[in-house]
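In listed order, ligands and their atoms are each counted from 1.
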Amino acid sequence: MNIILKNIKQLIGITENSDTIKRGTAQGEVTKLDNAYLVIRNHRIEGFGPMSECPELNLDSHDCTGRLVLPTYVDSHTHMIFAESRSGEMNQRLHGKTYQEIAEAGGGILNSAAKLRAMSEQQLYDDAQERIGNAIKQGTGALEIKSGYGLTIEDEMKMLRVIRILKQLSPTPIKATFLGAHALPAEFKNNKDVYIHLVCNEMLPRIAGEGLADYIDIFCETGYFSLDDLKHVIEAGDKHGLKAKVHVNQFSSFGAVKMACEMGALSVDHLEVMQDEDYTALSSSSTIATALPLCSLFLDIPYTPARQLIDKNIPLAIASDFNPGSAPSSNLNLAFGLACSQMKLTPEEAFNALTYNAAFAMEVQDEVGSIQVGKKANLIITKPAHGLEDIPYWFGDSMIGSVVI
Ligand code: NIG
Ligand code: FE
């Protein structure tokens with residue numbers, strides 16, 4: 001695509017380089033330019049500046065009067081591949097069952113796994129493609145996708161092969177994460193160590209051997225996988241060159257953040273329940289904290305204390321966690337609204353968490369996440385707006401006018 005955007009009311013999220021993640025006061029710093037132009041050539045940002053310096057180019061032009069232009073969101077944590085809705089479980093929760101109780105009774109992740117195992121790769125691909133199209137319409141321009149609903153070697157590989165095809169055919173950058181340790185399959189009840197051994201020593205070597213995953217993940221939580229399991233999985237990932245992005249502290253805090261940070265995890269995700277030692281571990285590491293406010297909203301659990309994380313100089317990303325059990329939404333505009341109204345972030349802090357920092361949380365910061373010469377021209381053009389704050393302000397409606405990918 002070659003085009004020039006003109007009369008942009010405000011160009012938001014400009015960077016000169018993407019060398020360092022934003023933390024502390026920098027988390028709230030966003031460079032903006034009023035009355036701007038932006039040139040897109042060969043799908044990349046070729047240049048931008050004030051309209052007073054707009055070059056005469058032989059390109060189609062698009063008038064953005066009254067509108068903001070910003071980089072698309074980066075969704076660094078999704079479970080975009082799944083079999084079908086679990087809306088029935090929402091009804092169960094409304095009748096008093098908890099998320100954990102439903103899982104213990106064979107629902108939850110195991111319910112999704114049973115359904116996914118019966119599905120063809122083609123069907124999984126078609127469904128995922130539609131979901132990605134929907135996410136793009138809502139402003140997402142890069143995403144990470146996890147396995148974790150197969151829980152057998154064949155079915156985990158099936159999910160990861162679907163992600164590989166999506167990577168090849170999707171217009172957005174995609175990263176794949178192997179989440180074999182998502183829940184203990186019924187076949188391994190009372191045999192957790194055997195299953196973890198299978199994940200680390202049989203599934204992972206084959207998956208890594210075929211280049212099917214970029215990262216490794218585990219759901220480290222009471223009733224799921226332990227600190228020991230976390231250690232084994234991260235070590236196994238290391239052996240095969242896969243960094244860890246892990247589910248920790250969703251319902252309880254028992255040392256997983258510290259262990260993941262010390263073992264060099266790229267990100268620790270969820271963090272709804274935090275103790276002092278968790279902040280301390282994050283403060284002295286380079287691990288990125290990822291909050292998932294749509295999960296908090298849907299399960300009615302605490303929001304990640306993002307304000308404290310930023311105030312303690314910890315880099316924050318925000319992602320959707322899109323999945324059929326705890327966050328059936330890929331709407332990062334809504335996550336933006338919740339980040340401000342519930343997690344008390346400024347629009348600028350939330351914006352950096354959803355774009356620039358989230359790009360670091362899936363290592364695509366050289367490609368997307370800000371308005372920078374040379375990066376992919378994955379852009380949101382808003383409806384007419386006053387400023388960035390209009391997006392979280394209209395939290396139930398989309399301020400997105402159009403999305404350029
Ligand atoms: O991130 N917490 C673990 N995994 C998902 C939920 C998976 C599911 O319920 O299907 C999450 O919330
Ligand atoms: Fe998740």
So does Leu151 get a backbone contact from the side chain of Glu156, meaning a donor-acceptor N/O pair under 3.5 Å? yes
Would you please classify the geometry between the His182 ring and the His79 ring as parallel, tilted or perpendicular, with 30° and 60° separating the classes? parallel
For the pair Arg67 (side chain) and Ala385 (backbone), establish whether a donor and an acceptor sit closer than 3.5 Å, ignoring hydrogens and angles. no
Say whether, by atom type as modelled, one donor and one acceptor occur between the side chain of Asp390 and the main chain of His386 under 3.5 angstrom. yes
Kindly tell me which protein residues have any non-hydrogen atom under 4.0 angstrom away from an atom of ligand 1, grouped by chain and ordered by number? His77, His79, Arg86, Tyr99, Ile109, Tyr149, His182, Phe219, His247, Gln250, His270, Asp321, Asn323, Gly325, Ser326
Under a 3.5 Å distance rule, please check whether Arg41 uses its side chain to pair with a backbone N or O of Glu46 as donor and acceptor. no
Taking 2.8 Å as the distance threshold, tell me the number of protein N/O/S atoms next to the Fe ion (ligand 2). 4
Backbone N or O of Gly325 within a donor-acceptor pair of the Asn323 side chain at under 3.5 Å? yes
Checking Asp228 against Ser226: is there a side-chain donor and acceptor pair closer than 3.5 Å? no
According to side-chain hydrogen bond (donor to acceptor under 3.5 Å, both in side chains), does anything in residues 216-225 pair up with another residue at least two apart or in another chain? List the pairs. Lys146-Asp217, Asp217-His247, Glu221-Ser252, Thr222-Ser252
Using the test salt bridge (Lys or Arg N to Asp or Glu O under 4.0 Å), find all partners of Arg164 that sit at least two apart in sequence or belong to another chain. none
